[in-house]
*Asks:* 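Take a look at the following structure, please.
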There are 2 protein chains.
Amino acid sequence: MKWDMLDEEPCSLSRTVAVVGDRWTLLILRECFLRVRRFEAFQSSLQITRHLLSERLKKLVRFGILRRVPYSEAPKRYEYILTQKGLDLYPIIMAMVHWGDTHMGDERGRPLLHEHKNCGKLFDPVMVCSECGEVLHAKQVHVHAGPGRREVVG
Amino acid sequence: MKWDMLDEEPCSLSRTVAVVGDRWTLLILRECFLRVRRFEAFQSSLQITRHLLSERLKKLVRFGILRRVPYSEAPKRYEYILTQKGLDLYPIIMAMVHWGDTHMGDERGRPLLHEHKNCGKLFDPVMVCSECGEVLHAKQVHVHAGPGRREVVG
DNA sequence: AAGCTATAGTTCTAAAATAGAACTGTCAAA
DNA sequence: TTTGACAGTTCTATTTTAGAACTATAGCTT
């Protein structure tokens with residue numbers, strides 16, 4: 001499979017993977033959610049090569065996940081800010097953080113704790129059914145072909 | 001950064017990314033959740049090269065996400081089955097599917113629909129706070145350093 | 001005015017990962 | 001005895017990534 005075809009597959013997972021399915025992109029997004037916005041800041045906190053950082057930021061802008069916003073004229077400088085489409089990636093990032101907390105921890109405990117401002121408590125993210133509110137488990141879900149399905153499933 | 005160090009970073013996202021942060025691994029996991037279990041089945045449905053498929057399956061077994069279970073003696077043949085650790089990746093996969101449904105759809109509609117067996121309805125996955133049950137948004141979450149934090153955040 | 005620093009990149013070469021195809025080994029069925 | 005299914009492994013060519021150096025703009029320092 002060629003990767004430039006991945007975002008046209010009849011599969012929502014493939015299409016998401018086409019955009020955020022590589023290591024650096026996910027780490028860049030982590031920084032975005034931690035309020036990092038500038039080229040140098042991404043570079044020094046991630047130790048990513050400048051070349052790849054430049055590439056990935058362009059791609060995220062192209063897909064509408066980041067906006068490139070000028071913060072200084074003369075010299076022209078820009079920062080990268082999450083769009084709504086980008087903010088909507090939050091559940092993906094949090095699901096990954098939570099899985100890492102649960103299954104990849106060491107004896108030192110969690111690197112970060114998350115507080116929900118609405119209720120004031122430290123929390124874990126939980127995925128529930130939009131209809132009944134119950135916690136979701138893979139085995140309780142049945143998959144149907146939808147209208148956008150062609151030959152490949154997903 | 002070297003990728004073999006990524007799973008030792010003091011960051012749960014990095015550690016998760018070290019395991020499932022590449023395109024083929026995520027697509028293989030999609031197939032796992034769609035009940036695919038055998039080498040040939042993965043290969044033909046994904047069009048992945050046999051070399052890489054072999055590599056990725058080994059890695060997923062090594063990290064305890066898949067179990068390699070014999071289903072035939074003479075000739076010895078195995079299938080790959082999600083462990084509990086693997087099943088726990090479901091929220092990540094579903095979050096990606098949902099983002100793709102929302103932001104990467106085309107005029108044909110969704111490729112797949114999901115039915116929750118418990119309530120019988122077609123649903124979307126929603127991420128909520130474990131403490132108060134409210135829907136989570138990035139801006140309502142405050143991040144604290146936890147005990148396992150060293151220098152890098154995440 | 002000349003030189004240093006900060007920021008945001010681009011360009012180059014070497015190393016690593018992936019694609020694509022062919023090959024191996026085991027056994028069952030025709 | 002030959003063919004086919006299954007689960008890989010091995011090989012070369014191409015693409016991607018790493019790592020370092022370089023470019024460009026402008027402010028600040030001496």
Side-chain angles (χ1 to χ4, degrees), chain A residues 1-7 9 14 17-29 31-32 35-63 66-81 152, chain B residues 1-7 9 14 17-29 31-32 35-63 66-81 152:
Chain A
M1 193 189 302
K2 279 112 181 188
W3 285 117
D4 29 332
M5 293 167 57
L6 202 56
D7 60 339
E9 287 275 303
S14 294
V17 164
V19 184
V20 302
D22 77 281
R23 290 150 133 117
W24 282 125
T25 298
L26 289 164
L27 293 173
I28 289 168
L29 288 168
E31 297 301 305
C32 292
R35 273 81 177 168
V36 170
R37 304 173 154 205
R38 297 188 184 174
F39 191 93
E40 294 297 319
F42 287 112
Q43 202 280 320
S44 73
S45 96
L46 291 173
Q47 296 299 101
I48 183 177
T49 65
R50 310 176 75 75
H51 179 84
L52 267 204
L53 175 58
S54 172
E55 243 255 327
R56 290 292 193 275
L57 289 173
K58 271 181 202 149
K59 181 176 166 186
L60 289 168
V61 169
R62 184 153 37 83
F63 275 109
L66 298 176
R67 238 168 339 125
R68 191 160 170 268
V69 180
Y71 72 91
S72 138
E73 313 291 321
K76 267 275 189 194
R77 297 208 190 292
Y78 299 88
E79 52 190 10
Y80 296 88
I81 301 190
V152 179
Chain B
M1 189 189 303
K2 280 111 180 188
W3 285 118
D4 29 332
M5 294 167 57
L6 201 56
D7 59 340
E9 287 275 302
S14 294
V17 164
V19 185
V20 301
D22 78 280
R23 289 150 133 118
W24 282 124
T25 299
L26 289 164
L27 292 174
I28 289 169
L29 288 168
E31 297 301 305
C32 292
R35 274 79 177 170
V36 170
R37 305 174 154 203
R38 298 187 183 175
F39 191 93
E40 295 295 321
F42 287 112
Q43 202 280 320
S44 73
S45 95
L46 291 173
Q47 296 298 103
I48 184 176
T49 65
R50 310 176 74 76
H51 179 83
L52 268 204
L53 176 57
S54 172
E55 243 257 327
R56 290 293 192 276
L57 289 172
K58 270 182 202 149
K59 182 174 165 187
L60 288 168
V61 169
R62 183 154 35 84
F63 276 108
L66 297 177
R67 237 169 339 126
R68 188 158 171 271
V69 180
Y71 71 91
S72 135
E73 312 292 320
K76 267 275 188 193
R77 298 208 190 292
Y78 298 89
E79 52 190 9
Y80 296 89
I81 301 190
V152 178

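A note on names: the letters A, B, ... follow the listed sequences, proteins ahead of strands, and every chain is numbered from 1.
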*Asks:* Using a cut-off of 4.0 Å on non-hydrogen atoms, how would the nucleic acid contact of B:R68 be classed: base, sugar-phosphate, or nothing?
*Replies:* sugar-phosphate
*Asks:* Which part of the nucleic acid, if any, lies within contact of A:F42, taking any heavy atom under 4.0 Å across all strands shown: a base, the sugar-phosphate backbone alone, or nothing?
*Replies:*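 Contact class for A:F42: none.
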*Asks:* Between P on C:dA17 and CG on B:D22, what's the gap in Å once rounded to a whole number?
*Replies:* 11 Å
*Asks:* Return the value, rounded to whole Å, for the distance between atom CD of B:E73 and atom P of C:dG25.
*Replies:* 21 Å
*Asks:* Enter the distance from B:I48:CD1 to B:R56:CZ here, rounded to the nearest 0.5 Å.
*Replies:* 6.5 Å
*Asks:* Main chain of B:P75, side chain of B:S72: is a donor-acceptor contact present, judged purely on distance under 3.5 Å?
*Replies:*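 Yes; judged by distance alone, with no hydrogens or angles, the pair exists.
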*Asks:* Does a side-chain N or O of B:K58 approach OP1 or OP2 of D:dT9 to a distance below 4.0 Å, or not?
*Replies:*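 Looking at the OP1 and OP2 atoms of D:dT9, one of them is under 4.0 Å from a side-chain N or O of B:K58.
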*Asks:* If you only use heavy atoms from C-beta on, which nucleotide in C:dG20, D:dC6, C:dG9 is closest to the side chain of B:T49?
*Replies:*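 Looking only at heavy atoms from C-beta outward on B:T49, the closest nucleotide is C:dG20.
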*Asks:* For the pair made of NZ in A:K76 and C1' in C:dA6, what is the distance, rounded to whole Å?
*Replies:* 19 Å
*Asks:* Over how many whole Å does the gap from B:R23 atom CZ to D:dT16 atom C1' extend?
*Replies:* 10 Å
*Asks:* Please identify which of these residues, B:D7, B:T25, B:V20, meets the side chain to side chain contact (heavy atoms under 4.5 Å, CB included) condition with B:F63.
*Replies:* B:D7
*Asks:* Starting at atom CG of B:L27, determine the distance to atom C1' of C:dT18, rounded to an integer number of angstrom.
*Replies:*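 So the two atoms are 14 Å apart, to the nearest Å.
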*Asks:* Pick the nucleotide of DNA chain D nearest each of B:E79 and A:E55; which residue has the one closer to the 5' end?
*Replies:*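 Whichever sits nearer the 5' end wins; that is B:E79.
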*Asks:* Under 4.0 Å between a side-chain N or O of B:Y80 and OP1 or OP2 of D:dG8?
*Replies:* yes
*Asks:* With a 4.5 Å limit on heavy-atom distance, are the side chains of A:V36 and A:L46 in contact?
*Replies:* no
*Asks:* Using atom CG of A:L53 as one end and atom P of C:dT11 as the other, report the distance to the nearest whole Å.
*Replies:* 16 Å
*Asks:* Give the rounded distance in Å between these two atoms: CD of A:E40 and P of C:dT10.
*Replies:*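 Going from A:E40 (CD) to C:dT10 (P), I get 13 Å.
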*Asks:* Any side-chain N or O of A:W24 under 4.0 Å from OP1/OP2 of D:dA18?
*Replies:* yes
*Asks:* Return the nearest nucleotide to the side chain of B:S54; candidates are D:dA18, D:dA7, D:dT9.
*Replies:* D:dT9
*Asks:* Can you identify which nucleotide, out of C:dT26, D:dT9, D:dA18, has its nearest atom closest to the B:R77 side chain?
*Replies:*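 Nearest to the side-chain atoms of B:R77, counting from C-beta on, is C:dT26.
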*Asks:* Show your working on side-chain hydrogen bond (donor to acceptor under 3.5 Å, both in side chains) between A:R67 and A:Y80 and close with a plain yes or no.
*Replies:* CA-CA 6 Å; A:R67 238 168 339 125; A:Y80 296 88; over 6 Å; no
*Asks:* Go through C:dG9, D:dA26, D:dG8 for me and flag the one nearest to the A:A74 side chain.
*Replies:*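 The answer is D:dA26, which lies nearest to the side chain.
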*Asks:* Would you kindly compare A:Y78 and A:H51 by the position of their nearest DNA chain C nucleotide and give the one closer to the 5′ end?
*Replies:*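 Comparing both residues, the 5'-ward one is A:Y78.
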*Asks:* Is the phosphate of D:dA18 approached by A:R50 (side-chain N or O, under 4.0 Å from OP1 or OP2)?
*Replies:*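 Indeed not, no polar side-chain atom of A:R50 lies that close.
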*Asks:* Which nucleotide wins on minimum distance to the side chain of B:P75, given the candidates C:dC27, D:dT17, D:dG8?
*Replies:* C:dC27
*Asks:* Which residues satisfy the side chain to side chain contact (heavy atoms under 4.5 Å, CB included) test with B:E79, sequence neighbours excluded?
*Replies:* B:R37, B:R38, B:Y71, B:I81
*Asks:* In whole Å, I'd like the distance from the CD1 atom of B:I48 to the C1' atom of D:dT9.
*Replies:*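 These atoms are roughly 15 Å apart.
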